[in-house]
S.K.: 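Dropping a structure here in structure tokens format, bear with me for questions.
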Amino acid sequence: MASYKGGAIAVTQPRRVAAVNLAKRVAEETLTTLGKRIGYTVRFDDTSSDETLIKYLTDGMLLREVLSDELLLRYKVIVLDEAHERTLRTDMLFGMVKKIQRLRKEMRANGEDVEELKIVVMSATLDAEKFSEFFDGAKILYVSGRLFPVDSYFTQEPQADYLDASLVTIFQIHVKNPKGDILMFLPGQDAIETLTSLINEYASQLRPNQQKLLACPLFAALPPSQQQKVFDPAPLNTRKVILATNIAETSITIPGIKYVIDCGLAKLRGFNPKIGVESLLLHPISKSSAWQRTGRAGREAAGVCYRLYTEDAFRELDDDTVPEIRRCNLAAAVLSLKAAGIDNVLEFDYMDRPSRASLIRALEELYALGAIDDKGNLSELGKKMAEFPLDPTFSKVIIQSAEYGCSLEVISIVSLLSVDSIFFTPSDKREQATESRRKFLHPDGDHLTLLNVLKAYWEVKGDMGWCKEHFVNVRNIKIALEIRDQLIRFCERFDINPSTSCGTDTDQVLKCFLTGFFQNSALLQPDGSYKSVAGGQTVKVHPGSAMFGKRVEGIMYNELVFTTKHYVRSVSSIQSAWLPAAAPKYFNNMKN
DNA sequence: CTCTCCCT
């Protein structure tokens with residue numbers, strides 16, 4: 001069998017499912033066994049081998065590969081697919097592969113035995129010139145899509161209440177058209193749950209001889225069993241209306257959609273580098289996002305899209321969504337760039353440059369964590385941190401856990417914090433969910449509460465009924481356990497004994513977390529509020545937290561996001577006296 | 001008195 005060492009083709013995807021399904025499809029069509037000439041590599045799942053000529057992988061996976069193969073010498077071609085999505089990772093790869101291509105060309109000119117690197121960028125954007133210009137005037141090849149036509153309609157007047165407008169539009173479609181399911185785009189869980197119950201209420205008032213209407217919610221936090229309902233065929237004489245977040249824009253494709261309703265809004269991540277706070281706020285979508293939503297009606301046959309905004313409003317929308325790299329905290333990205341040999345992250349070749357303030361902020365955070373020195377060079381600690389598939393804060397905590405004697409506990413808690421919440425709380429059963437989880441509550445907060453839930457999950461051997469009863473999201477807890485297995489292997493590689501336990505001395509766990517999260521701490525004020533030590537914001541404990549409504553002298557939190565207020569999530573109780581020991585340099589500087 | 005989505 002041929003080995004393609006040095007001559008393979010990488011095809012990147014922003015999502016795992018896409019990488020896996022593409023590889024399966026291509027293997028099938030080329031009549032080969034998956035994992036031979038055609039394979040895929042995603043986290044926790046790798047079918048590739050030395051024989052693999054075409055490897056489909058997530059863009060995050062290719063970024064990991066750069067850390068061990070700085071010139072990506074195992075590939076002769078790199079295809080970056082779905083480039084228009086401009087994920088943080090695709091944007092990092094743009095600059096990296098461009099640099100690698102130049103280096104390999106220079107090496108060849110010096111007579112070294114290296115192949116040139118070919119780069120192919122695939123994008124559904126209309127603005128191909130932008131990509132071409134970035135890659136030094138690369139040739140553009142246009143390929144037409146295979147969508148069916150979709151008629152688009154706008155409202156005559158601006159809609160003050162998009163929930164009301166949605167409801168009216170759904171029932172108008174329902175009574176005027178014989179068949180075809182409806183996909184409605186909404187900004188979040190809250191709007192989806194509200195509209196689901198409104199639809200079901202009004203649908204019960206339809207005439208008995210009329211076709212029925214069934215509302216199906218769809219968002220990422222929904223447990224797998226309920227997400228599945230979107231794919232189940234509707235009962236006889238019933239039309240499905242799927243109420244979805246942006247998850248239905250790209251990640252999940254539902255068959256049988258004839259009508260799309262677009263409210264024109266989405267929740268968008270933002271980042272303020274001056275105060276270092278992330279936000280999650282409602283924004284009008286971009287034109288490209290509106291077209292993407294529209295296209296969801298034309299996958300199997302001609303469709304119709306109703307936009308709940310005026311044509312004038314549409315013209316005012318931005319052409320494209322601001323790339324993620326300009327909207328998020330860059331600490332993890334900057335650490336990865338440094339570990340991949342890009343020393344000067346301020347001068348890196350970005351297709352869209354993040355603000356200087358945002359890059360400086362990331363460097364400051366990494367310096368405070370001890371990942372880089374005062375010249376901006378990676379420290380020994382920083383090199384180790386970059387190896388872990390985690391945010392730098394988490395990798396710092398894992399590495400420090402050896403000294404604090406609590407690796408066993410810390411590895412589990414970091415795994416549980418690495419997934420979207422292991423709890424699922426439907427708004428209509430909030431009290432029931434809170435009550436059923438009360439027995440896991442640890443007085444010191446969410447970190448140790450999560451550990452209690454995991455221990456209980458193990459005791460019942462992951463019983464599905466138990467999960468349902470306690471509103472525990474099985475999918476997320478299972479992902480957390482896979483992460484945990486992976487982290488244990490990393491620890492063994494770095495001579496950190498993953499079985500070291502602090503037993504009942506759980507303060508060790510919280511003190512250890514502070515070595516990564518000292519900047520995410522807040523102290524109780526005389527008026528009963530908490531004020532963050534880093535930015536001085538007044539922060540509110542999220543109502544879903546074990547620390548909600550409690551008054552302790554200090555708190556540490558995993559996350560601070562501005563939504564309606566500055567909310568902190570995954571919160572635990574700390575003592576202010578622990579802070580200087582967790583980060584001596586940082587707190588000594590603050591006094592001066 | 002309640003957070004869109006995705007990745008290692």
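Protein chains get the first letters and strands the later ones, always in sequence-line order, with residue 1 at the start of each. Being a predicted model, the structure only gives us computed values, none of them experimental.
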S.K.: A:Arg89 side chain: which of B:dT8, B:dC5, B:dC6 is closest?
M.R.: B:dC6
S.K.: Test A:Asp91 against every option in A:Arg327, A:Lys98, A:Arg353, A:Arg86 by the salt bridge (charged side-chain N to carboxylate O under 4.0 Å, His left out) rule and name the one that passes.
M.R.: A:Arg86
S.K.: Could you check whether A:Phe517 and A:Phe394 have their ring centres less than 6.0 Å apart?
M.R.: yes
S.K.: In whole Å, what is the span from the CZ atom of A:Phe394 to the C1' atom of B:dC7?
M.R.: 14 Å
S.K.: Who are the ring-ring contact (aromatic ring centres under 6.0 Å, His included) partners of A:Phe513, not counting sequence neighbours?
M.R.: A:His447
S.K.: Please confirm whether the shortest side-chain N or O distance from A:Ser251 to OP1 or OP2 of B:dC5 is below 4.0 Å.
M.R.: no
S.K.: Should A:Arg16 be listed as having a side-chain N or O under 4.0 Å from OP1 or OP2 of B:dT8?
M.R.: yes
S.K.: Which nucleotide, B:dC5, B:dT8, B:dC1, lies nearest any side-chain atom of A:Ala220?
M.R.: B:dC5
S.K.: Consider the side chain of A:Arg569, meaning its heavy atoms from C-beta on, and name the nucleotide among B:dC5, B:dC3, B:dC1 that approaches it most closely.
M.R.: B:dC3
S.K.: Is any side-chain nitrogen or oxygen of A:Lys565 closer than 4.0 Å to OP1 or OP2 of B:dC1?
M.R.: yes
S.K.: Here's a test of your reading of the structure: between A:Arg327 and A:Val42, which maps to the more 5' nucleotide of DNA chain B?
M.R.: A:Arg327
S.K.: To the nearest Å, how far apart are A:Asp59 CG and B:dC7 P?
M.R.: 9 Å
S.K.: When you compare the side chain of A:Tyr567 with that of A:Val539, does any pair of heavy atoms fall below 4.5 Å?
M.R.: no
S.K.: Looking only at N and O atoms, is any donor in the side chain of A:Glu559 or the base of B:dC3 less than 3.5 Å from an acceptor on the other one?
M.R.: yes
S.K.: Check this one for me: any side-chain N or O of A:Thr58 less than 4.0 Å away from OP1 or OP2 of B:dT8?
M.R.: yes
S.K.: Provide, to the nearest angstrom, the distance between the CD1 atom belonging to A:Ile325 and the P atom belonging to B:dC7.
M.R.: 18 Å
S.K.: Which sits closer to the 5' end of DNA chain B, A:Ser418 or A:Leu280, going by the nucleotide each is nearest to?
M.R.: A:Leu280
S.K.: Could you verify whether a donor N or O on one side chain and an acceptor N or O on the other, from A:Ser572 and A:Asp444, lie under 3.5 Å apart?
M.R.: no
S.K.: For the side chain of A:Pro543, starting at C-beta, report the closest nucleotide among B:dC1, B:dT8, B:dC5.
M.R.: B:dC1
S.K.: Of the candidate nucleotides B:dT2, B:dT8, B:dC6, which contains the atom at the shortest distance from the side chain of A:Ile247?
M.R.: B:dC6
S.K.: How many Å lie between NE2 on A:His283 and P on B:dC5, as a whole number?
M.R.: 16 Å
S.K.: Let me know the distance between CG of A:Asn329 and P of B:dC5, rounded to the nearest Å.
M.R.: 20 Å
